[in-house]
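Note that this is a predicted model, so its numbers are computed, not measured.
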Amino acid sequence: MASCRMALLLGLLLLVVASPAIADDDSGIYYQLALMWPGAYCEQTSAGCCKPTTGVSPARDFYITGFTVLNATTDAAVTGCSNKVPYDPNLITGIQGLNQYWSNIRCPSNNGQSSWKNAWKKAGACSGLSEKDYFETALSFRSRINPLVRLKAKGIEPDFGLYGLKAITKVFKSGINATPVIQCSKGPFDKYMLFQLYFCAAGNGTFIDCPAPQQYTCSKEILFHPFKKWMLKQQLNQDDDPFQLPGVAMDN
């Protein structure tokens, strides 16, 4: 009798702790999408930023830097599987928005293939998604979040202004009913600046608060650093073999 009561109490505790969306989803997994603000990256890296060799200008927006599938019970990344499929660059060449929103602006200039290959090898191959679906799902989540548009609509713009953490999280809580995890880095005037946003979604695609959020150091108000076209240098790597996709030119 006592053991039955204990099991019932543990079950109730799990229902309270778990996200409602995860509790209603029997997939056993959830997703985490990492979005980097390029203005912060270009400001903090000593090598500067370089324009990719794809011939497509990166969007003046948040870029995907990671898309991870996690076990909903353990919160551990799903990385161990016996049937890992090798990365095939030909499978993703026609994906709309890949070059604009999953762009590698590290120097020297590159075609992004190393980033996509690493993402697939590290997180995609064991995600249960095909290679094409893995990248398209990440881009679809990013599009639904539409971070810069949402922030600008509430007066939060990359203009060297200082904005409250609570104000930033409120934008997304009211918009997609989920609170992002904010990662800051040190910027000008020794101020913390907005660097990355992490969003989570249940296996059914519903956005949720991240069940096991990593803790980052930020101040109550953080700087939103501008990102301008002139910040991208043209520094070619002779080993690159770029491929072309249509894109929209980034604003000045």
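- The six-membered or imidazole ring of Y87 lies away from that of W120, with a centre-to-centre distance of 6.0 Å or more.
- Pairs passing the salt bridge (Lys or Arg N to Asp or Glu O under 4.0 Å) check and including a residue from residues 181-198, sequence neighbours excluded, read K186-D190.
- Using bins of under 30°, 30° to 60° and over 60° for the plane-to-plane angle, the ring pair Y31/F67 lands in the parallel bin.
- Remark: Y198 pairs with Q183, Q196, Y216 by the side-chain hydrogen bond (donor to acceptor under 3.5 Å, both in side chains) rule, at least two apart or across chains.
- Between the side chain of S140 and the backbone N or O of E136, no donor-acceptor pair lies under 3.5 Å.
- Note that CG of N111 is 4.5 Å distant from OG1 of T53, once rounded to the nearest 0.5 Å.
- Residues Q32 and T68 bring no donor and acceptor atom of their side chains to less than 3.5 Å of each other.
- A disulfide bridge does not connect C107 to C49: their SG atoms sit 2.5 Å or farther from one another.
- The stretch residues 94-119 participates, sequence neighbours left out, in no salt bridge (Lys or Arg N to Asp or Glu O under 4.0 Å) pair at all.
- For residues 170-181, the pairs satisfying salt bridge (Lys or Arg N to Asp or Glu O under 4.0 Å) are K173-D209, with sequence neighbours left out.
- Applying the salt bridge (Lys or Arg N to Asp or Glu O under 4.0 Å) definition to pairs two or more places apart or across chains, those involving residues 141-169 are D61-R142.
- Residue pairs that meet the ring pair (Phe, Tyr, Trp, His ring centres under 6.0 Å) test with at least one member in residues 169-190, sequence neighbours left out, are F172-F199.
- Side-chain contact check for V78 versus S127: every heavy-atom pair is 4.5 Å or farther apart.
- Sparse packing is recorded around NZ of K122, with 12 or fewer heavy atoms of other residues, nucleotides or ligands lying under 6.0 Å away.
- N71 and Y30 share no donor-acceptor pair across their side chains, judged by distance under 3.5 Å alone.
- Ring centroid separation for the pair F195 and Y41 does not come in under the 6.0 Å cut-off.
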